[in-house]
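What follows is a set of notes on a single structure, which appears directly below.
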Amino acid sequence: MYHKVPISMSNINSLLFVLLINSAAICFGQEEKTQDTVAYITYRVPKVEYHHLELSNKEVFVRIPQRHMFPEMLYKLNLKRQDSIYSPTQEPEAGGISDRNPLIKRLEKGSLRIVSKNEVILETQSHPQPYLRKYYVDSLIGKDHTVFFVNGQLLKIGNDKNIHEQIDPLLQNPKKPKIAVLDGKEGYEKYGAVGILGVIEYYDKKCRKKKR
């Protein structure tokens, strides 16, 4: 959701923590390829475990990161590729993992359509959901996945930069700026691939007047 927040460095740090928590799950496994598969990531969906997909030429796997006492899980989906579509090969087994896990059930009830080298779409009865190639997203925003848009301009915060040195000057303006947090779905719809893991927006008063 779109949230307005008061301005302070402590709030900036809190916003960064929220985005890092939301995107931290994709950082497990630093390599894009695992056993001839390619990793694809997406934004969080309410009540659905965070995960990423690993696609090979013929098969699809879902990887769910470790959470608390639960170990990382890698599960082979009941999907097979024909042309540009990965489709269910048979009805899920009654009492199987797809019955016990809403994420697996959702994935195995849908199909995956290859849109391009960098994107596949999960097509379900509810709504389509994009999955982007992890390597492609990393190439756009870096591996820490913290993204700011300052007065409409992309500002990437890399691991080798001091965030305070970049953000502090933005807060020195005596006229109160506006800071808002977009979740991954909103970020993707507004900014495309660079926003799929969430965005922090900053607009100063001068820029807001121009937009009107």
Side-chain angles (χ1 to χ4, degrees), residues 21-143 145 183-198:
I21 289 297
N22 284 340
S23 63
I26 70 169
C27 296
F28 68 96
Q30 293 299 311
E31 297 298 326
E32 185 202 15
K33 293 188 176 182
T34 304
Q35 297 180 346
D36 298 321
T37 63
V38 179
Y40 289 78
I41 61 177
T42 189
Y43 48 72
R44 287 184 177 271
V45 174
K47 299 181 180 179
V48 175
E49 291 178 281
Y50 192 80
H51 61 284
H52 75 225
L53 299 180
E54 296 180 7
L55 276 63
S56 71
N57 286 333
K58 297 181 179 180
E59 298 173 323
V60 181
F61 299 83
V62 59
R63 188 180 294 272
I64 302 172
Q66 179 179 351
R67 292 186 307 131
H68 307 299
M69 301 296 293
F70 297 96
E72 178 180 295
M73 185 183 86
L74 180 65
Y75 179 76
K76 180 180 175 181
L77 295 174
N78 181 34
L79 300 173
K80 294 291 183 181
R81 180 176 177 175
Q82 184 173 3
D83 298 325
S84 62
I85 304 290
Y86 292 83
S87 302
T89 57
Q90 60 187 28
E91 285 295 317
E93 179 183 354
I97 188 170
S98 63
D99 281 350
R100 303 191 303 271
N101 188 306
L103 167 63
I104 303 300
K105 185 174 183 178
R106 182 171 184 267
L107 291 169
E108 290 192 336
K109 285 287 187 179
S111 61
L112 287 168
R113 177 168 54 88
I114 300 173
V115 178
S116 68
K117 177 182 178 181
N118 294 318
E119 183 178 11
V120 297
I121 300 291
L122 173 64
E123 297 178 331
T124 65
Q125 292 181 346
S126 54
H127 58 79
Q129 182 173 352
Y131 285 76
L132 301 181
R133 192 176 179 185
K134 183 179 182 296
Y135 179 82
Y136 172 61
V137 176
D138 288 346
S139 71
L140 295 175
I141 63 176
K143 289 191 175 182
H145 306 290
D183 63 25
K185 185 173 186 296
E186 294 167 325
Y188 177 76
E189 291 173 348
K190 186 169 183 178
Y191 295 110
V194 296
I196 198 166
L197 298 172

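Model, not experiment: these values are computed from the prediction.
Between the side chain of E189 and the backbone N or O of E186, no donor-acceptor pair lies under 3.5 Å. No side-chain donor-acceptor contact under 3.5 Å links E54 to the backbone of F61. Looking only at distances, a side-chain donor or acceptor of R81 sits under 3.5 Å from a matching main-chain atom of D83.
The minimum heavy-atom distance linking H51 with P65 is given by the pair CA-CD, 4.4 Å. Looking at every heavy atom in both residues, T42 comes nearest to Y50 through O-OH, 3.0 Å. The shortest heavy-atom contact between P130 and Y188 is CG-CE2, 3.5 Å. When all heavy atoms are compared, the tightest approach of I196 to Y43 is O-CB, 3.3 Å. For R133 against Y40, the heavy-atom pair with the smallest separation is N-CD2, 3.4 Å. The minimum heavy-atom distance linking G110 with L79 is given by the pair O-CD2, 3.8 Å.
Contact check for E49 versus V62: no side-chain heavy atoms found under the 4.5 Å cut-off. Between E123 and S111 the shortest side-chain heavy-atom distance falls below 4.5 Å. No side-chain heavy atom of F70 sits under 4.5 Å from any side-chain heavy atom of I64.
In this structure, a donor-acceptor pair under 3.5 Å is absent between the side chains of Q129 and H127.
Atom-to-atom distance recorded for T37:OG1 and N57:CG is 10.5 Å, nearest 0.5 angstrom. Expressed to the nearest 0.5 Å, how far CD1 of I85 lies from CD1 of I114 amounts to 7.5 Å. Here the straight-line distance linking atom OH of Y75 with atom CZ of R63 works out to 15.0 Å at 0.5 Å rounding. Here the CG-CG distance, from L55 to L77, works out to 9.0 Å after rounding to the nearest 0.5 Å. Separation of atoms CG (N78) and CG (L107) is listed at 11.5 Å; rounding is to 0.5 Å. To the nearest 0.5 Å, atoms OH (Y136) and NZ (K117) are separated by 11.5 Å.
A salt bridge between K80 and E59 is present, with a side-chain N of the basic residue lying under 4.0 Å from a carboxylate O of the acidic one.
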- Would M73 and I104 count as a side chain to side chain contact (heavy atoms under 4.5 Å, CB included) if you check the C-alpha gap in whole Å, the side-chain angles of each, and the deciding distance to 0.1 Å? CA-CA 11 Å; M73 185 183 86; I104 303 300; 4.2 Å; yes

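Of the residues I121, N118, L53, the one that meets the side chain to side chain contact (heavy atoms under 4.5 Å, CB included) test with Y131 is L53.
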